Each structure stands twice: as C-alpha cells, then as structure tokens.
Q: 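Questions regarding the structure given below will be posed in turn.
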Amino acid sequence: MNTGAISGALNPYSKEAEKHAVKYYESVRHMKTDTQKISAATGISRDKIDKIKNHVFITEHDLLTGHKRFAPSYDMAQSWQRLINGDFKEQDIVLLKHEYAELRYMEKGYSQNEAHILASKKYNYAKYCE
C-alpha cells in the first residue's frame, strides 16, 4: 500500500533535508579520506574521484545564478555518503559518471549549463531523484 511517505531519512524536499545537505557539503570539503574510500569501493581512479569532488563540492562555477559553488543537494549528499561507505547504488555510480562528464565538457569550453545538459543525455542522475 502506498501511503505517500518518502523513503529514506528525510523528505529530500524538506527544510531539514536542505539544512542537512548544507552541513554535509561543508563536512565533505574537509574530509581527507573520502576519495580514497570511494576509489577503493568503485574501482574508479582516485584522480578522477578527486576531480569530481572538487567539481561538485569545492570549485566555484559560472552558473545561471552567478559565480558560486553548486547548491547543496540532499540526494547528492546521500549518494556521496553511500559511496564512502561502499554501500552504493546504481544511481551513485551514475552521479560520478555524470559529474565527470560535465567537468570534461566544461574543460572543452562549454558553459556549466550546456555541460550539464550534455552529461545528462548519457548519465541522467536526476531521473533517480524524481
């Protein structure tokens, strides 16, 4: 029976989830072993994971809303935590592939928005978050 409840710890669209994501993103910026753990768990090179981490959590980008970091996402925070724990889902690997593809498109001169659209055509992380 579908009760309409959201699975997981929090409704990803709630104020609590937003607050959690903000705190978690800040904690990721200070983590020292997360990329090593994710690399070991996924088999993806640490160099790529380091680049993805910098792209998602640290680097400021020219976004439609100005030059700044990406807004924290509860879904992405949950994915990063599962990746660190080695208890990841298909969507978490899609996230890594999407963000790496987006980064590579941006390195080729595409805007962040254009790069996001192109990366989403091949690695659509957002479909897992609906």
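Along the sequence shown, the residues carry numbers beginning at 1. Just so it is clear, the values below take in all heavy atoms, side chains as well, and ignore hydrogens, waters and symmetry mates. What you are looking at is a predicted structure, and each value in this text was computed from that prediction instead of being measured.
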Q: With under 30° as parallel and over 60° as perpendicular, where do the rings of Y125 and Y128 fit, or are they tilted in between?
A: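 Rings of Y125 and Y128: tilted, as their planes differ by 30° to 60°.
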Q: Okay, side chain of N124, backbone of K121: is any donor-acceptor separation there less than 3.5 Å?
A: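 Such a contact is absent between N124 side chain and K121 backbone.
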Q: Identify which one of M106, H67, R69, K68 satisfies the side chain to side chain contact (heavy atoms under 4.5 Å, CB included) criterion when paired with H61.
A: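 The residue from M106, H67, R69, K68 that satisfies side chain to side chain contact (heavy atoms under 4.5 Å, CB included) with H61 turns out to be M106.
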Q: Do M31 and V28 have side chains that get closer than 4.5 Å, going by heavy atoms?
A: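 Yes, side chains in contact.
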Q: Has E114 got a side-chain atom pairing as donor or acceptor with S111's backbone, closer than 3.5 angstrom?
A: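 Judged by distance alone, yes, a pair lies under 3.5 Å.
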Q: Applying the 4.5 Å side-chain criterion to the ILVMFWY set and letting contacts propagate, would L63 and I117 be lumped into a single cluster?
A: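 No, L63 and I117 fall in different hydrophobic clusters.
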Q: If you measure from OG on S45 to CD1 on I38, what distance do you get to the nearest 0.5 Å?
A: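 Answer for the OG-CD1 pair, S45 versus I38, is 12.0 Å.
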Q: Please evaluate residues H55 and F70 with respect to the criterion ring-ring contact (aromatic ring centres under 6.0 Å, His included), reporting the C-alpha separation (whole Å), side-chain torsions for both, the decisive distance (0.1 Å), and the verdict.
A: CA-CA 9 Å; H55 177 68; F70 292 126; 5.3 Å; yes
Q: How far apart are the C-alpha atoms of E102 and H98, what are their side-chain angles, what is the distance that settles it, and do they pass the side-chain hydrogen bond (donor to acceptor under 3.5 Å, both in side chains) test?
A: CA-CA 6 Å; E102 183 178 285; H98 170 91; 3.2 Å; yes
Q: Within the 4.5 Å heavy-atom criterion, are I93 and L83 side-chain neighbours or not?
A: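 Counting from C-beta outward, I93 and L83 do come under 4.5 Å.
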Q: Calculate, to the nearest 0.5 Å, the distance between atoms OH and CH2 belonging to Y25 and W80 respectively.
A: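 Rounded to the nearest 0.5 Å, the OH-CH2 separation comes out at 9.5 Å.
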Q: Does E90, at its CD atom, have more than 12 non-hydrogen atoms belonging to other residues, nucleotides or ligands within less than 6.0 Å?
A: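 It does not: E90 CD has 12 such atoms or fewer within range.
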Q: To the nearest 0.5 Å, how far apart are CG in N85 and CG in D34?
A: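 Output value for this atom pair is 11.0 Å.
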Q: If every non-hydrogen atom of A21 is compared with every non-hydrogen atom of S73, which pair is closest and at what distance?
A: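 In this case the closest contact between A21 and S73 is CB-C, 3.7 Å.
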Q: Could you tell me if E16 and Y74 have a donor-acceptor pair between their side chains, going purely by distance under 3.5 Å?
A: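 No.
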Q: Measuring only between side-chain heavy atoms, which start at C-beta, is S39 closer than 4.5 Å to I44?
A: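 Answer no - side chains too far apart.
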Q: Look at the side chain of T33 and the backbone N and O of Q36, then say whether any donor-acceptor pair between them is shorter than 3.5 Å.
A: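 Side chain of T33 to backbone of Q36, a donor-acceptor pair under 3.5 Å: no, none is there.
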Q: Let me check something: do L118 and L103 share a hydrophobic cluster, defined by ILVMFWY side-chain heavy atoms less than 4.5 Å apart, either directly or through other members?
A: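 No, separate clusters.
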Q: Output the distance between atom CD1 (I58) and atom NE2 (H30), rounded to the nearest 0.5 Å.
A: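 Rounded to the nearest 0.5 Å, the CD1-NE2 separation comes to 9.0 Å.
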Q: Hey, what do you get for NZ (K48) to CG (D50), rounding to the nearest 0.5 Å?
A: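 It comes to 13.0 Å.
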Q: State, yes or no, whether a side-chain contact exists between K127 and Q91 at a heavy-atom distance under 4.5 Å.
A: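 When only atoms from C-beta onward are counted, Q91 and K127 do not touch, as no gap falls below 4.5 Å.
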Q: Can you tell me how far NE2 of H116 sits from CG of L64, rounded to the nearest 0.5 angstrom?
A: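 Nearest 0.5 Å value for the CG-NE2 distance: 10.0 Å.
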Q: Judged by atom type as modelled, is there a donor-acceptor pair below 3.5 Å linking the side chain of T35 to the main-chain atoms of R46?
A: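 Checked: no pair found.
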Q: Between M76 and V56, is any pair of side-chain heavy atoms under 4.5 Å apart?
A: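 The answer is yes; the side chains approach within 4.5 Å.
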Q: Flag the pair R82 and D87 as a salt bridge only when some basic side-chain nitrogen lies within less than 4.0 angstrom of an acidic carboxylate oxygen.
A: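 Not counted as a salt bridge, because no side-chain N and carboxylate O are separated by less than 4.0 Å.
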Q: Closer than 4.0 angstrom, basic N to acidic O: yes or no for R29 and E26?
A: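 Salt bridge between R29 and E26, a charged N being under 4.0 Å from a carboxylate O: yes.
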Q: Kindly determine whether D75 and Q78 satisfy side-chain contact (heavy atoms from CB on, under 4.5 Å), including the steps that lead there.
A: CA-CA 5 Å; D75 290 315; Q78 293 297 293; 5.7 Å; no
